[in-house]
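Naming convention: chains lettered A, B, ... in sequence-line order (proteins, then strands); numbering from 1 in each chain.
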Amino acid sequence: MAEITKSYESRDVEKKWYAAWQAAGCFAGKVDPQAQAYSIAIPPPNVTGVLTMGHVLNNTIQDILIRRARLEGKSALWLPGTDHAGIATQTVVERQLRKDKKTRHDFGREKFVEKVWEWREEKGGIILEQLRRLGASCDWNRTQFTMDEHYSKAVLEVFVKLFERGHIYRGKRMVNWCPASQTALSDEEVIMKPVNGTIYRVRYELTERPGEFIEVKTTRPETIPGDVAIAVHPDDPRYTALIGKTVWRPLNRAAIPIIADAAVDKEFGSGALKITPAHDKVDCEVGARHKLPIIDVLNADGTLNAFAGAELAGLDRFAGRKKAAELLKESGALVAEEAYANNVGYSERADVPIEPRLTWQWWLRYPRVEEAKAAVRDRHIKFYPERWSKVYLHWLENIQDWCISRQLWWGHRIPVWYRKGLDKETLVETDLRDPQKIHISLAGPADPENWVQEDDVLDTWASSWLWPFATLGWPDAEKMRASGYDYFYPTSTLVTGPDIIFFWVARMIMAGLEFTHPGEPLEKRIPFKNVYFTGIIRDQQGRKMSKSLGNSPDPLDLINSYGADGLRFGIISIAPQGQDIRFQEDRIEGGKNFCNKLWNASRFRQMSGEMADNSSIAVIVARLDGAKFDADDHAILDRLFAVTREVDRCFAEFEFSAAVQALYGFFWNDFCDWYVEVSKSKLQSPDTKPNCLAIQDLVLRQTLLLLHPFIPFITEELWSLLGYGAAGSFLMRDARIEDASHWVMAIGARGVLLDQTQAATVENVKVFVSQARALKADHQLASRRDVRFFVTTTDAAWTILEASLGKIIRMAGAVEILRKVSVDGAPAVVTPLGTLYLDLASTVDAGAEKVRLAKELEQLAKHIAGTEARLGNEAFVSKAPAAVLEGARKQLADQRAKRDELTRLLKALG
RNA sequence: GGACCUUUAGCUCAGUUGGUUAGAGCGUUUCGUUGACAUCGAAAAGGUCACUGGUUCGAGUCCAGUAAGGUCCA
């Protein structure tokens, strides 16, 4: 067997095992009727994406779940893929074209889409390669892309079906228009941002009474040429007399009416509102109520058009705003400019202010809204943390129709054809149902020469909402059979960020309910049973990590410095369930250090004695010798089973950081700092050595199993180096994790019964050793190994000490520890196992020693007072549970005994 | 305006149903390379659990309110 080197070098190990796992097909998700299915569909990263810390956290958690499921004997599938990300990808390619001074229009639709595919072949999906570095055990043979032929068919079929079922309609409505990418956006893609801008007070002159004005406030003077009325509240006495009169529009001068509408806020500004139906949602509604014309003064790209008037036409909207203000000033219409803070909607992708714009779009009335609510409310789908279900339900309560069309070229082109020569502007709802005018199908019309296809594509989310089942072959029966749709759907767990709860999670639930397993119960149609929401990773200042801020470390750099396992362990250890995470690189370093600790403890085992057959639990257990068990042996196995149970609990409740912390504490403190140290005595005696090594083998084996989901590479390597697996087998694929009760039974069958009482004595021995060390340190002897201690104690306590004396002497750095009836004048410390004296009477500074003891006595007195007060309280004694009461009494007795001993020591010093 | 989250050691955070003297990592101080590991070991210092009230024999934990910071929705 290969020798374990002095330090763990992650790089080669990671490369070696990842290649080996892949070559052996360890990641393949297979239908196995004998085993329970466990499946996860990856949240498909954008095809343009590169790995961020958010991805690291998210995908590490998924890998943890998948690997744990494998160890539990489940048949696990982690399905990977990427999202075509309409706007993002189109923007990337357009930016590239711009370098050659070209636009997509220079190529035309077909050629441009070809270019995007070329880009994707060449540069897309880098992130999937990066996930491999992280150790992600995805079934790469199943990698999917939302624009794959099969997937596209699913998307278009869903469109056709939803249209047939009456959920889809075409309508001219106010949409969120992004002038940068020149497409409509859904409400979810608009981010409200507070903006410090200017509000303009503008006066409109009454046509019939020159010199009299009505004043309005607006943040958008450039849209004044689009004003078609001034509205006032019908109950506003200031304006009652003016309703029905007209005013002069101050830009692109024309007479417009003063109308009354209850939507006007009397308290805002002067109480009068300019009505610009083309550029504001409320105005549009007011305009419709009053049958006012619509004057659109903006082009699709956000520049002003001819309707804005000669002076403004051609200007960008922001330049136009300035110019409009100047023109108003010149004409005397501008009363004042005031600083003004308001919320402005920005395009999520392009980060420019959106324009409300009246356009024809395709809309979806969501299906299965009530069922989607019930699924989460009734816990068929469980959210972790649970509180996000409230956010989810609130959104569904107030759900609005979804604008699913996008004016892009990269995406799923909507499968709608219009009869040639038809005026799309005049189509009404009934025309959509007229096959002479509109053709809607997957295959397209039989006589394509007579038809023109819809230019728009679908919103990217209108493809990704099918992800959990379209990736399993839906709706193609043959593909569904081949990919195990019936076996793996519903998927087990979705791991994602709460920021896409509306974009994606809610929509997937509705899609799953609508399209999968028709007619069957809800539990079979939901797309996943659990949803785990990760926190957001922030920098030290608490800001979101983002490319533009440059505050996000490159995960690949971190992998190079700390290893993939170190990164995984570190990130999980700082990611409590549902809380945002403040990134600290030193925690990643801590992950690396832990790996090194694990490595070296294994190395110690290898150096301590011949490796015996470790290939199964049975053969290791067979080497245990119950007769040779001492308190430490009982204690370490007791702790091992406790941590096994704790990790079980953590997985059941999705508490990964708690699991990692429990394992860290167990392995570092209980095993390395104590058991390995006491082993050094036990290993010197041929009598205790074999049993001690067998226990180490058991502990290491179980620790590797428990840790594997978190740190897969190093555990696989050590599993192999310590001989736990048969040749050609893998921890990740072939090993099975045993629960604590299985262990208790296994060692019980060997005649070893865990003795809790003995195990408990170890805690006192630890305190004893610790206090002995502290006593040395107090007297500047910490580094000496030749100190003599005396102890005065009871027979019972001495029995415990005597049983471990060799180990204690070694651990405390003593030459000997002698029991005495009484000791005078030596520095002492009161431990749970008796009073411990340092044999240095001659050199003791009695004064300092008295100060030290007095301080301790003082603190103890406070505790005693507190305990006495509690026990003296009649209410406490009569109402507290017996166990608590008994505990308090025992505590008081111990505290008093210690006080008496300290008092005696103090007196002895004079 | 509505909803939710956070506030515990110098820093970042744990703290499960209320019950001994509130924990961890990092940082700090002192000591240490005795053959697993200096990516380490030992010892130590460090907290009015944001504030105010309430419930309770007992509150970091439950309830109400206040303040500060943050997120989402409108």
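Looking at heavy-atom distances under 4.0 Å, A:Arg785 makes contact with a base. Among the atoms of the strands shown, none is found under 4.0 Å from any heavy atom of A:Cys595. Using a 4.0 Å heavy-atom distance criterion, A:Pro881 is classed as a base contact. Across all strands, A:Gln891 comes closer than 4.0 Å to base atoms (heavy-atom distances). Heavy atoms of A:Lys390 sit under 4.0 angstrom from primed sugar atoms or phosphate atoms, though from no base atom. As judged by a 4.0 angstrom heavy-atom cut-off over every strand, A:Lys898 is placed among residues making no nucleic acid contact. Among the atoms of the strands shown, base atoms are found under 4.0 Å from some heavy atom of A:Val676. Nucleic acid contact for A:Lys776: none, since no nucleic acid atom lies under 4.0 Å from a heavy atom of the residue. In this structure, A:Ser770 reaches the sugar-phosphate backbone alone: every heavy-atom distance under 4.0 Å involves primed, P, OP1 or OP2 atoms, never a base. Among the heavy atoms of the strands lying under 4.0 Å from A:Ala774 are primed sugar atoms or P, OP1, OP2 only; no base atom is included. At the heavy-atom level, A:Phe502 lies under 4.0 Å from the strands shown only through sugar-phosphate atoms. Counting non-hydrogen atoms under 4.0 angstrom, A:Asn343 reaches a base of the nucleic acid. Among the atoms of the strands shown, none is found under 4.0 Å from any heavy atom of A:Glu589.
Of the residues listed (A:Gln696, A:Lys689, A:Arg605), the one engaging A:Ser679 in a side-chain hydrogen bond (donor to acceptor under 3.5 Å, both in side chains) is A:Gln696, and it is the only one.
In this structure, A:Trp599 and A:Ile714 have side chains that are in contact, with non-hydrogen atoms separated by less than 4.5 Å. Here the side chains of A:Leu833 and A:Val767 are not in contact, with every heavy-atom distance at 4.5 Å or above. Using a 4.5 Å heavy-atom cutoff, the side chains of A:Tyr8 and A:Leu598 are not in contact. Side-chain contact between A:Lys597 and A:Trp668 is present, with at least one heavy-atom pair separated by less than 4.5 Å.
Under the Watson-Crick or G-U wobble criterion, with both distances below 3.5 Å, B:rU33 has no partner in any strand shown. B:rC11 is paired with B:rG25 under the criterion used here, namely a Watson-Crick or G-U wobble arrangement in which both key atom distances are under 3.5 Å. Look at B:rA64: its Watson-Crick or wobble partner, with both distances under 3.5 angstrom, is B:rU52. The base-pairing partner of B:rG69, taking Watson-Crick or G-U wobble contacts with both distances under 3.5 Å, is B:rC5.
The P atoms of B:rA64 and B:rG27 are separated by 41 Å, rounded to the nearest whole Å. B:rG58 and B:rU20 have their C1' atoms separated by 13 Å, given to the nearest Å. Only the C1' atoms considered, B:rU29 is 36 Å distant from B:rG70, to the nearest whole Å. The gap from the P atom of B:rA14 to that of B:rC62 amounts to 15 Å, rounded to the nearest Å.
Along RNA chain B, the nucleotide nearest A:Ser573 and the nucleotide nearest A:Glu677 are compared for position; the residue whose nucleotide lies closer to the 5' end is A:Ser573. For A:Cys672 and A:Arg649, each mapped to the nucleotide of RNA chain B holding its nearest heavy atom, the one lying further toward the 5' end belongs to A:Arg649.
Mapping heavy-atom proximity under 4.0 Å, the span of RNA chain B touched by chain A runs 5' to 3' from B:rA3 to B:rA74.
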The test is side chain to side chain contact (heavy atoms under 4.5 Å, CB included); show your working for A:Ile695 and A:Tyr675 and say whether it passes. CA-CA 10 Å; A:Ile695 287 176; A:Tyr675 192 78; 3.6 Å; yes

Going through the checks in order, is the side chain to side chain contact (heavy atoms under 4.5 Å, CB included) test met by A:Met53 and A:Leu567? CA-CA 10 Å; A:Met53 289 310 295; A:Leu567 173 59; 4.0 Å; yes

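Other residues, nucleotides and ligands place no more than 12 heavy atoms under 6.0 Å from the CZ atom of A:Arg11.
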